[in-house]
Amino acid sequence: MELDKQYNSRQVETKWYSLWETKGYFRPRSDRSAYQAPRPTDKDAGPSYVIVIPPPNVTGILHMGHALNNSIQDVLVRWNRMKGRDTLWVPGVDHAGIATQNVVEKKLAKEKKTRWDVGREAFLKEVWKWKNEHGSTITRQLRRLGASCDWTRERFTMDEGLSKAVREAFVTLYERGLIYRGNYIINWCPRCQTALSDEEAAHKDVQGGLYHIKYPIPGKSGPYEKMGEDHIVVATTRPETMLGDTAVAVHPDDPRYKHLVGKKVILPLMDRQIPVIADAFVDPEFGTGIVKVTPAHDPNDFAMGHRHHLEQINVMTPDGKINERGGVYKGMDRFDARKKIVHDLEALGLFIKRDSHLHAVGHCYRCDTVVEPYLSKQWFVKMQPLAAKALKAHEEGKTTFYPDRWTKVYLNWLGGIRDWCISRQIWWGHQIPAWHCEKCQAAGLVSRDSGNEEPKMSPKSRVPGSDGIIVAREKPSKCPSCGNTELQQDPDVLDTWFSSWLWPFSTLGWPAKTEDLKKFYPTSDLVTAPEIIFFWVARMIMAGLEFMGEVPFTQINIHGTVRAATGLKMSKSLGNSIDPLEVIEEMGADALRYSLVMLSAQDVYLSREKFEVGRNFANKVWNACRFVLMQLEGLETASTDPGQFKKVKLSLPSRWILSRLEEKAAMIEKHLAQFGLAQASTELYHFVWDDFCDWYIELAKPMTQSADPALKLQTKKVLFYVTERILRLLHPFMPFITEEIWQTFKQKAADAEAWPETIMLAGWPHEEENKFHNAEAQKAIGLLQDAVSGLRDLRIRYQIAPTDKLTAVIVCKEPGMIETLRAFEREVKVLGRLTELQCVSAFQKKGAMAASSFAAFDVFVPLEGILDPEAEKKRLQKKIQETEQWIENIRKKVENPSFAAKAPKEILEKEKEKLNDAKSLLVSYKTQLAGL
RNA sequence: GGGCAAUUAGCUCAGUUGGUUAGAGCAUCUCCUUUACACGGAGAGGGUCAGAGGUUCGAAUCCUCUAUUGCCCACCA
């Protein structure tokens, strides 16, 4: 079996993925006894390694953010799996309540139907049908990416087990007094017609208006247009809410208005008298210093209403129209009503002006409609007690964020946490496990949810049913209070995140005490984007502590956001997205993954060209391996055993590459251990490309053609050994191409029976497995590289074609170095394409020659008839000038007494060495100039 | 209003706890179809490391301020 000349990513990817999956390689080791890790020597095989996928939205398709997130996770999972740890990656999707419902509602709208037309049951059937037909798009796409999830454990937030977990969590919190119901101002989306949590109302700066309106002060009698100057002025951004005003407020210490407190003003258009109250919330500096108070339509006013026992007048319908309490404006859309009201006020002479005003307005995160602060009865989770546990866990060092700066963001949010509105007035989701007893409610036993009260830590009564609401895990047969069997389940469903926050343990079987839960909880790492720290990460930590008594994961890796090259967030609606699947089709999943990971050091600004790095690299790897395979023709003894080189006197390049491999593997390991995937992949890229391909393979070529059979053999063995290890180092990043190549390598290996079935289960090359470190070899190859570069430079400088004959003399300036130079004379001759090469320690220049100079040596080539003395003179003068400047700089540094006194010895040595090198160079240049 | 990032070559970005004559990829230019690879090889040009102060023997790196950009949070109507 040989590798095709062209790498066919499509074919390779589908072939290997289905094989991996069907053979069960993605499952934890403990689940696949037939495939035990083949290398028990792995020192890092420690506790199990578990991560949970951030469940993507069931309506979603794979976008670049997912591709990045899952590439990173897959690198970590594959790396840990190779290290021999019992590894589990649980995949799944969430039901995305509002988003999914919207999709199906849109479908219905095409038939000119609404969900109310078809009814709840039939509608839910439709949603399930949609889910079953389209809900697996994203998981199919994750497979294309190569994500090595254990699909046998795939979960859906609405499946039976997770629904049970949701009910368990809800009831438990209720019993602990951490769930309450009440009338409060929440964010209401008039389009989706549901409540939203604070996190779901995205604030955006909007250029709006600040409307100044006169509220007349009533005189003796008569209509207010005759009140003359007797009025106050309020400023508001939402004039339409004035229909529900029940007071105006001033600051208690504001001298301008002190006399008004306790008096009444007339609410225009509604002709109601409302009181002037004093409240410290009012900022005398803002606007006119007078605020209209609308307790049913503004959270601040709501609070103020509480303090002053004001009536709450809700003037809006759930779909954002003015209701019957809005008088003549009834039935108008809120924004139309705003215009009409301003117009009417103008007509009455009560409208003063509209100032342009920039302010933050909440928008529905699903449909971008302006949300309305709206008074309604909702279910809430009391968050402070949960947050307190999370804060304590952090103090105890149980949660660590990478990079660290996110810690503060997380802690700040926890510190200022507000209660979580969890009920949604939609149908797709977990229906709230609460049942209403209409008899009890009619009897007036509704103490718990009467609203108009600040939420209490402990409800007044815990006796089930006493308030007409029964919260239970399963539907109760009758009301425990009155025996009524006609119980109605609360129609609302729970926020989708109420199921997502249980994900780390609900997917492992909770509330049942399963083996998985015992073995795999808490999980190891969480990898996610910063956008969902509040939505998901913080809440998972709180849920883990509350329900499991333990944080769900200890390391939280927050990676960058994927953005389009323009800097905007990538999104389909903006038309600036790049479809990862297209990139996979075009360049391969490995290319996509490698490019993304290399760029992931911070926010990722993407354009299509950026994936060329990965594509080119994959191609490079493929071809380098093809070359190595060609060398293995007829070789029977290729093996992965490091011991094979113990008794062999290896060539200098081989000693060098083995030393580099060891060094780089250690560095890559170090980076991976601290989520430095970008650094790790970059190191690997340069090692493979620069060290291995550009130098070692080039150096190896002549050796594999050598007349010396021993040299020939050992070189091929080293090529095989190093390449096989490179494949394993690359595998977490490029799973497909490495598997494909590795399998062909396996067929050439003498120790193939010791190889596992897949590279996935081959051990991770550990730097301590062998001891190839060799400083001398590294130094010598450094000199070799200089010599070869010097020759290439000379060829280019004087336009000598590569095919032209060239001889050279290397003049060693450093005593003792001559032996080293002679040691690789042959290699320099080949790489420099020389017909002849001499290494000498003293040299008398004859005829026209030019040189490349280095600290340790000069490389001379004869250039009879080519050398232009004038140009050469100029070049050398420039070099001399540069070098003198350099020497001057170092000298200044070295001769500074403070430097000598304070700098570490190492640095001092280094600087002195540099100075000597520079001086040596200068001598070379000057000698050359003199000889012209 | 508060907070966090970013600002380094034409473009996109690296730059580890302060110590290389500041790097890479792409783009540009020159040369090379040498039997792994033109998705390649060998070279070249190109930067006062946003600006100003400060700490230090030494600053792209640490501190302060300023400017520009982006993001997150926030109940001043």
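Numbered from 1 within each chain, the chains take letters A, B, ... in sequence-line order.
Donor-acceptor pairing under 3.5 Å is recorded for the side chains of Asp245(A) and Tyr215(A).
When atom types are taken as modelled, the side chain of Arg238(A) and the backbone of Glu372(A) share no donor-acceptor pair closer than 3.5 angstrom.
When the C1' atom of G23(B) is taken as reference, atom CG of Asp690(A) falls 12 Å away, rounded to whole Å. The interatomic distance linking Lys912(A) (NZ) with U20(B) (P) rounds to 18 Å, in whole Å. Rounded to an integer number of Å, the gap from Asp205(A) CG to G2(B) C1' is 13 Å. Residue Ile533(A) contributes atom CD1, which lies 11 Å from atom C1' of C4(B) at whole-angstrom precision. One can place CZ of Phe286(A) at 6 Å from C1' of A77(B), the figure rounded to the nearest angstrom. Rounding to whole angstrom units, CZ of residue Phe899(A) and C1' of G18(B) are separated by 13 Å. Between the CZ atom of Phe302(A) and the C1' atom of A77(B) there is a distance of 17 Å, rounded to whole Å. Spacing between atom CZ of Arg608(A) and atom P of A27(B) amounts to 17 Å, rounded to whole angstrom units.
U66(B) and C4(B): their P atoms are spaced 14 Å apart (whole Å). Distance check on atom C1': A77(B) versus U68(B) gives 32 Å, rounded to whole Å. Rounded to the nearest Å, the gap between the C1' atom of U12(B) and that of U28(B) is 16 Å. Distance noted for atom P between A22(B) and U56(B): 24 Å (whole Å). Taking the P atoms as reference points, A5(B) lies 42 Å from C39(B), given to the whole Å. Taking atom C1' in both G47(B) and C13(B), the straight-line distance is 14 Å, to the nearest Å. Separation of the P atoms belonging to U69(B) and U8(B) is 15 Å when rounded to the nearest angstrom. Only the P atoms considered, U17(B) is 13 Å distant from A6(B), to the nearest whole Å.
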### Query
Leu592(A) and Met587(A): side-chain contact (heavy atoms from CB on, under 4.5 Å), yes or no, with the steps?
CA-CA 7 Å; Leu592(A) 173 81; Met587(A) 307 193 186; over 6 Å; no
Pairs under 3.5 angstrom, nitrogen or oxygen only, protein versus nucleotides 13-16 of chain B, please.
unit_1, atom_1, unit_2, atom_2, d
A14(B), OP1, Gln602(A), NE2, 2.5
A14(B), OP2, Gln602(A), NE2, 3.3

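Gln881(A) CD: 12 or fewer foreign heavy atoms inside a 6.0 Å radius. Around atom CD of Gln207(A), more than 12 heavy atoms belonging to other residues, nucleotides or ligands sit under 6.0 Å away.
Secondary-structure stems of RNA chain B, taken as three or more successive Watson-Crick or G-U wobble pairs (i with j, i+1 with j-1) under a 3.5 Å distance threshold, comprise B:1-7 with B:67-73, B:10-13 with B:23-26, B:28-32 with B:40-44, B:50-54 with B:62-66.
Annotation: side chain to side chain donor-acceptor pair (under 3.5 Å) contacts of Asp404(A) (sequence neighbours excluded): Thr407(A). Trp695(A) meets the ring-ring contact (aromatic ring centres under 6.0 Å, His included) test with no other residue; sequence neighbours excluded. Phe286(A) is linked by a ring-ring contact (aromatic ring centres under 6.0 Å, His included) to His357(A), counting only residues two or more places apart in sequence or in another chain. Applying the side chain to side chain donor-acceptor pair (under 3.5 Å) test to His686(A) and every residue at least two apart in sequence or in another chain returns Asp690(A). Annotation: ring-ring contact (aromatic ring centres under 6.0 Å, His included) contacts of Phe745(A) (sequence neighbours excluded): Phe720(A). With sequence neighbours left out, Phe627(A) forms a ring-ring contact (aromatic ring centres under 6.0 Å, His included) with no residue at all. In this structure Asn187(A) satisfies the side chain to side chain donor-acceptor pair (under 3.5 Å) test together with Asp198(A), sequence neighbours excluded.
When Tyr365(A), Tyr410(A), Trp413(A), Trp406(A) are each tested for a ring-ring contact (aromatic ring centres under 6.0 Å, His included) with Phe534(A), only one passes: Trp413(A).
Near RNA chain B, defined here as any heavy-atom distance below 4.0 Å, the residues from residues 784-793 of chain A are Ser789(A), Arg792(A), listed numerically.
Across all strands, Ala360(A) comes closer than 4.0 Å to base atoms (heavy-atom distances). Looking at heavy-atom distances under 4.0 Å, His357(A) makes contact with sugar-phosphate atoms alone, never a base. Contact annotation for Val291(A): base contact, defined as any heavy-atom pair under 4.0 Å involving a base atom. Within the nucleic acid shown, Asn896(A) comes within 4.0 Å of sugar-phosphate atoms alone, with no base atom in reach, counting heavy atoms only. Using a 4.0 Å heavy-atom criterion, one finds that Pro904(A) contacts the bases of the nucleic acid, with or without backbone contacts as well.
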### Task
Summarise protein proximity over nucleotides 31-39 of chain B in one line of letters, 5' to 3': B for base, S for sugar-phosphate only, - for none, counting protein heavy atoms closer than 4.0 Å.
---B-BB-B
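The side chain of Thr236(A) lies closest to A77(B), out of A24(B), C73(B), A77(B).
Between Glu724(A) and Lys748(A) there is no salt bridge, since no side-chain nitrogen of the basic residue lies less than 4.0 Å from a carboxylate oxygen of the acidic one. With respect to the salt-bridge test (charged N to carboxylate O, under 4.0 angstrom), the residues Lys670(A) and Glu683(A) do not qualify.
Both Glu609(A) and Gly287(A) lie near RNA chain B, and the one whose nearest nucleotide falls closer to the 5' end is Glu609(A).
Note on residues 589-598 of chain A: pairs passing salt bridge (Lys or Arg N to Asp or Glu O under 4.0 Å), not counting sequence neighbours, are Asp74(A)-Arg593(A).
Contact annotation: Lys408(A) side-chain N/O to G3(B) OP1/OP2 distance is not under 4.0 Å.
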